[in-house]
Number of protein chains: 2
Amino acid sequence: MPPTQLGRVQLLIMQVLWDKGRATAREITDTINASEPIAHSTVQTLLRGLEQKGAISHRAEGRTFVFVPLIAEDKFRTSVTRDLLDRVFGGNAGSLVAHLLKHEKVSREEVAEIRKLIDRQAKK
Amino acid sequence: MPPTQLGRVQLLIMQVLWDKGRATAREITDTINASEPIAHSTVQTLLRGLEQKGAISHRAEGRTFVFVPLIAEDKFRTSVTRDLLDRVFGGNAGSLVAHLLKHEKVSREEVAEIRKLIDRQAKK
DNA sequence: CCGAATCGTTTAGTGCGCTAAATCTATCAG
DNA sequence: CTGATAGATTTAGCGCACTAAACGATTCGG
């Protein structure tokens, strides 16, 4: 199964699952509803889709379904980051980092953190 | 007008325009066709869409249209990068950089380049 | 027992990106 | 002039994300 491309709301759902580890449809609906309105049936429909593409799985617990993520958040991040990298920055990771440093607010602490990573990287 | 989200092929078209500065539909079709098959009419249809959403503009030159980008590649990169950042990395640019360094091949030269940027950043 | 609430399922419709044939129009070769 | 060629425009259809009402089944409060 390929890169697993996700839509906006599908991603919201996955994030709830990654956060909680496991969740019922109702929990997911409520969580998303805290920041934006969404109908419960919409969430359920999307859960179907996610399950069909192998992104999540469920098991019955009583009469409700408990959903769990099958793909790891990190794997997903890698996939989507690489996609951005290839399609928008010509595959040049350096350009992306440069872009981030120039255009995004990166806190002093983050800069320090990055420097540490860089140093470790340079040693290899 | 908002962040200007682009589809996959729309992005290919924009990249040709960013590259060349200006191009006819035919040139764009040929360029894309060098790497993947696409019908000329498809390109023309997409050019319409791009123009409607304000991403490009055209003027007639003889009986053919010459298209030019209206949004800058850099602006686009910023928009799409921020989108990734917010939706996938919780808005934490440091996480994204860390992810890149851990998962992507970053050449020694790139690392050096990044370090320079970091140093400059740190001074501010 | 019965109605309300809560599940999951079915069904339906919208919008958008993408695809490309079909068509109309103007130019150009001969 | 005429046919071919190369523009642009129109039209049509697919797939997918998203939306959510409607429906059927089950459980729970009283």
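Values below: every heavy atom of this structure, side chains too, minus hydrogens, waters and symmetry copies. A, B, ... follow the sequence lines: proteins, then strands. Residue 1 opens every chain.
One can place CD of Glu27(A) at 14 Å from C1' of dT6(C), the figure rounded to the nearest angstrom. In this entry the distance linking CD of Gln10(B) with P of dG15(C) reads 17 Å, nearest Å. Atom-to-atom, CD of Glu61(A) to C1' of dG8(C) comes out at 16 Å; the value is rounded to the nearest Å. If you measure from atom CG of Leu6(B) to atom P of dC16(C), you get 14 Å, rounded to the nearest angstrom.
Applying the salt bridge (Lys or Arg N to Asp or Glu O under 4.0 Å) rule to Glu104(B) yields the partners Arg82(A); only residues at least two apart in sequence or on another chain are considered. Looking at residues two or more places apart in sequence or on another chain, you find a side-chain contact (heavy atoms from CB on, under 4.5 Å) between Ala98(B) and Leu117(A).
Across residues 65-74 of chain A, Phe65(A) each have a non-hydrogen atom less than 4.0 Å from an atom of DNA chain C (numbered order). Listed by residue number, the members of residues 29-51 of chain A with any heavy atom below 4.0 angstrom from DNA chain D are Ile38(A), Ala39(A), Ser41(A), Thr42(A), Thr45(A).
Extent of DNA chain D lying under 4.0 Å from chain A heavy atoms, first and last nucleotide in 5' to 3' order, is dA17(D) to dT27(D).
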- request: Start with the C-alpha distance between Leu6(A) and Phe76(A), add both sets of side-chain angles, then the distance that settles side chain to side chain contact (heavy atoms under 4.5 Å, CB included), and finish with yes or no.
  value: CA-CA 9 Å; Leu6(A) 298 182; Phe76(A) 173 75; 3.6 Å; yes

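For the OP1/OP2 pair of dG17(C) and a distance below 4.0 Å, the side-chain nitrogens and oxygens of Lys53(B) include at least one atom meeting the criterion. Contact annotation: Arg8(B) does not reach the phosphate of dC18(C) (side-chain N/O to OP1 or OP2, under 4.0 Å).
With Lys105(A) contributing its side chain and Ala93(B) its backbone, the two residues share no donor-acceptor pair below 3.5 Å.
In this structure, the separation between CG on Leu46(A) and CD1 on Ile13(A) is 4.5 Å, given to the nearest 0.5 Å.
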Could you list all N or O pairs between the protein and nucleotides 24-27 of chain C that sit under 3.5 Å apart?
none

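Between His99(B) and Phe89(B), the ring-plane angle classifies as perpendicular under the 30° and 60° cut-offs.
No chain of hydrophobic side-chain contacts below 4.5 Å, direct or via other Ile, Leu, Val, Met, Phe, Trp or Tyr residues, connects Leu70(B) to Met14(B).
Taking the side chain as every heavy atom from C-beta outward, Val97(A) and Ile114(A) never approach each other to under 4.5 Å.
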